[in-house]
Amino acid sequence: MRIATWNVNSIKARFPTVQEVLQNIDCDVVCLQELKCETDAFPYMELEEAGWNCAVLGQKSYNGVALLSKYPLEDVTKGLSTMEDDQARFIEALVMAETPFRVGGLYLPNGNPAPGPKFDYKLEWMACLLDHARERLKAEEPYVLCGDYNTIPTAVDCWDETKWADDALALPETREAFRRIKNLGMTDAFEITDGRAHQYTFWDYQGGAFQKDHGIRIDHLLVSPQAADRLQSVEIYRKARSLDKPSDHVPVIGVFED
DNA sequence: ATGGCCGTACATTACGGA
């Protein structure tokens with residue numbers, strides 16, 4: 001079972017690239033973020049023709065999340081169970097593989113500038129995600145909570161810690177909120193299968209950041225104990241960043257024993 | 001310094017992103 005998360009930064013602006021990458025990474029489940037399209041405008045037909053079952057929570061202009069699955073999806077929920085949110089940032093479903101996996105796809109708020117109302121919203125969102133994860137863990141099932149966390153977990157997850165010191169992605173409050181979710185018993189899949197420093201999932205469009213490898217690791221898969229038991233490896237599909245008109249994020253793939 | 005982001009929208013600039 002291969003489960004990917006990928007912030008596509010507009011599905012319409014790069015749909016041919018998205019289709020090509022989906023084919024190449026050969027996953028069973030893909031969580032997409034930053035669709036930047038309304039639910040009705042999602043390219044259901046093309047993706048269904050390629051064998052995907054789709055669950056979508058879209059929004060005009062900004063945000064928007066989707067779940068793609070080669071297996072049937074059941075128990076689809078849109079939005080966090082623990083919060084009223086007018087932004088399309090969370091979708092979850094039960095993936096009916098031989099061993100069912102529950103998969104949540106999230107697009108956590110950026111939070112800049114900090115301090116300020118946007119940072120407050122980010123921290124509120126993370127607190128609600130914590131409550132949601134706590135409830136989900138009670139089921140003791142394979143559970144994967146993946147997406148763009150807009151969180152640089154530690155100093156070695158960015159190319160230059162000093163450049164991010166005052167940024168909402170790296171502030172102590174953000175890192176603490178992320179750790180709290182891990183402390184519930186959700187494991188960072190990359191950390192336990194790879195764990196190398198300076199492995200990135202995002203590179204800014206500006207200043208030749210990708211060529212200089214000036215990136216940050218902000219796309220994560222957090223997994224329940226039952227999913228961690230099956231976890232074999234994590235792949236960061238860097239190649240997606242070198243294509244024409246790329247997203248600024250690349251797919252991160254968790255590989256699980258079936 | 002010989003270069004210097006991207007996508008969206010009530011668009012020709014403002015905004016959100018990270």
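So that the names make sense, note that chain A is the first sequence line, chain B the second, and so on, each numbered from 1.
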Report task. Establish whether A/Leu94 and A/Leu137 are linked, either directly or via other cluster members, by ILVMFWY side-chain heavy-atom contacts under 4.5 Å. Result -> no

Report task. Could you state whether A/Val103 and A/Val76 fall into the same hydrophobic cluster, counting links through intermediate Ile, Leu, Val, Met, Phe, Trp or Tyr residues with side-chain heavy atoms under 4.5 angstrom apart? Result -> yes

Query raised in the report: Contact class for A/Asp219 vs. all strands (heavy atom < 4.0 Å): base, sugar-phosphate, or nothing?
Result: nothing

Query raised in the report: With a non-hydrogen cut-off below 4.0 angstrom, is A/Asn7 in contact with a base, only sugar-phosphate, or nothing?
Result: sugar-phosphate

Requested in this report: Establish, for the pair A/Lys212 and A/Trp159, whether the NZ or CZ atom is under 6.0 angstrom from the six-membered ring centre and no further than 45 degrees off its axis.
Outcome: no

Query raised in the report: In terms of the nearest nucleotide of DNA chain B, which residue is placed more toward the 5' end: A/Arg14 or A/Gln87?
Result: A/Arg14

Query raised in the report: Using a heavy-atom cut-off of 4.0 Å to chain A, what are the terminal contacting nucleotides of DNA chain B, in 5' to 3' order?
Result: B/dC5 to B/dA18

**Report entry** Chi angles and distances behind the salt bridge (Lys or Arg N to Asp or Glu O under 4.0 Å) call for A/Lys60, A/Glu38
**Finding:** CA-CA 5 Å; A/Lys60 191 174 187 176; A/Glu38 292 179 281; 5.4 Å; no

Requested in this report: Decide if the gap between the ring center of A/Tyr149 and the ring center of A/Phe178 is smaller than 6.0 angstrom.
Outcome: yes

Query raised in the report: Between A/His214 and A/Tyr200, is the ring centre distance below 6.0 Å?
Result: no

Requested in this report: Please list residues of residues 156-176 of chain A whose heavy atoms come under 4.0 Å from any atom in DNA chain B, ordered by number; otherwise none.
Outcome: A/Leu169

Query raised in the report: Can any side-chain N or O of A/Arg134 pair as donor or acceptor with the backbone N or O of A/Leu184 at less than 3.5 Å?
Result: no

Report task. Please assess A/Asp131 against A/Arg136 for the test salt bridge (Lys or Arg N to Asp or Glu O under 4.0 Å), listing each intermediate value before the final yes or no. Result -> CA-CA 9 Å; A/Asp131 291 339; A/Arg136 282 294 185 226; over 6 Å; no

